[in-house]
Amino acid sequence: MVQSTGPKKMKCAVFISGTGSNLKSLIKFSKKKNSPISIELIISDNSKAKGLKFGKIFNISSKVFNYKDNIITEKKIISEIKNKKIKIICLAGFMKILSKYFIKSFKGKILNIHPSLLPKYKGLDTHQRAISNSEKYSGCTVHFVNSKLDSGKIILQKKVKISKSDTVKSLTKKVLVQEHKLYPKAIDKVLSL
Ligand code: GRF
């Protein structure tokens, strides 16, 4: 478990690869007086990630790593994280798989949000697969990251009803609305003693 250190906010890094709508909701959450986190660093593997704009808007330091060599890149990321005294890492649409070494280095301190009701639909294309299987519900999950894909301990989940008329696009939108509420709640849960 990650322990909060009293009234001082815990330093957090958010890892993204794309739109960054979860990043935006986490930044808003972090600005609240009673929020347990302050976001000090944004990391992306993609220089074109739209979410990088939130670093500029909110004046948060952002770093892009090109991942030509995974081991070297992770070493650079680890040193960046240690320099900034980051204590919690939130993956938010980050498309690279972190190595076992990386995960071990920050054991119990890495969270991820996934757009399905885990353990169902690990991996990609969750909404498409849920619709194709005529599922009645989809949803989202915030979980701790371990070395197996989308398999760490679940912190919180939120169910979302799939209606007959739902498409991947409409379901993605509905689930994202819930993701933006769930991630902050999960952080509160993990960091409250
Ligand atoms: C979200 O659906 C998240 O659950 C998944 O990737 C998507 C990222 O969306 N891991 P965004 O970049 O936060 O808008």
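Whatever order the structure lists them in is the order used to number ligands and atoms, beginning at 1. Note: hydrogens, waters and symmetry copies are ignored here, and every other heavy atom, side chains too, is used.
Proximity of E179 to ligand 1, defined as any heavy-atom pair under 4.0 Å, is confined to the side chain (atoms from C-beta onward).
For N133, the CG atom counts as densely surrounded, since its 6.0 Å shell holds more than 12 non-hydrogen atoms of other residues, nucleotides or ligands.
For atom 14 (O) of ligand 1, the closest non-hydrogen atom on the protein side is S21 OG, 2.5 Å. Of all protein heavy atoms, the one lying nearest to atom 9 (O) of ligand 1 is N22 ND2, 3.9 Å. Taking atom 7 (C) of ligand 1 as the reference point, the nearest protein heavy-atom neighbour is G93 CA, 4.2 Å. The nearest heavy-atom contact from the protein to atom 12 (O) of ligand 1 is G20 N, 2.7 Å.
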Practice task
For salt bridge (charged side-chain N to carboxylate O under 4.0 Å, His left out), just list the numbers for E80 and K76, CA-CA rounded to whole Å, side-chain angles, deciding distance to a tenth of an Å, and then say yes or no.
Solution key: CA-CA 6 Å; E80 193 67 34; K76 286 183 189 162; over 6 Å; no
Practice task
Start with the C-alpha gap between L111 and F144, add the side-chain angles, then the distance that decides, and say whether side chain to side chain contact (heavy atoms under 4.5 Å, CB included) holds.
Solution key: CA-CA 5 Å; L111 275 57; F144 286 107; 3.8 Å; yes
Exercise for the section: Output, in order, the C-alpha distance, side-chain angles, deciding distance and verdict of side chain to side chain contact (heavy atoms under 4.5 Å, CB included) for S138 and T126. Expected result: CA-CA 9 Å; S138 183; T126 55; 5.9 Å; no
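Atoms of ligand 1 lying under 4.0 Å from at least one heavy atom of P115, given by number and element, are 2 (O), 4 (O), 5 (C). If you number the atoms of ligand 1 from 1 as listed, the ones under 4.0 Å from a heavy atom of T19 come out as 12 (O), 14 (O). Of all atoms in ligand 1, numbered sequentially from 1 with element shown, those under 4.0 Å from a heavy atom of H114 are 4 (O).
At least one N or O atom of I113 sits closer than 3.5 Å to an N or O atom of ligand 1.
Both L26 and I60 belong to a single network of hydrophobic side chains, linked directly or stepwise wherever heavy atoms of I, L, V, M, F, W or Y lie under 4.5 Å apart.
Between the side chains of S38 and E40, at least one donor N or O lies within less than 3.5 Å of an accepting N or O.
The pair D166-K174 counts as a salt bridge, with a side-chain nitrogen and a carboxylate oxygen less than 4.0 angstrom apart.
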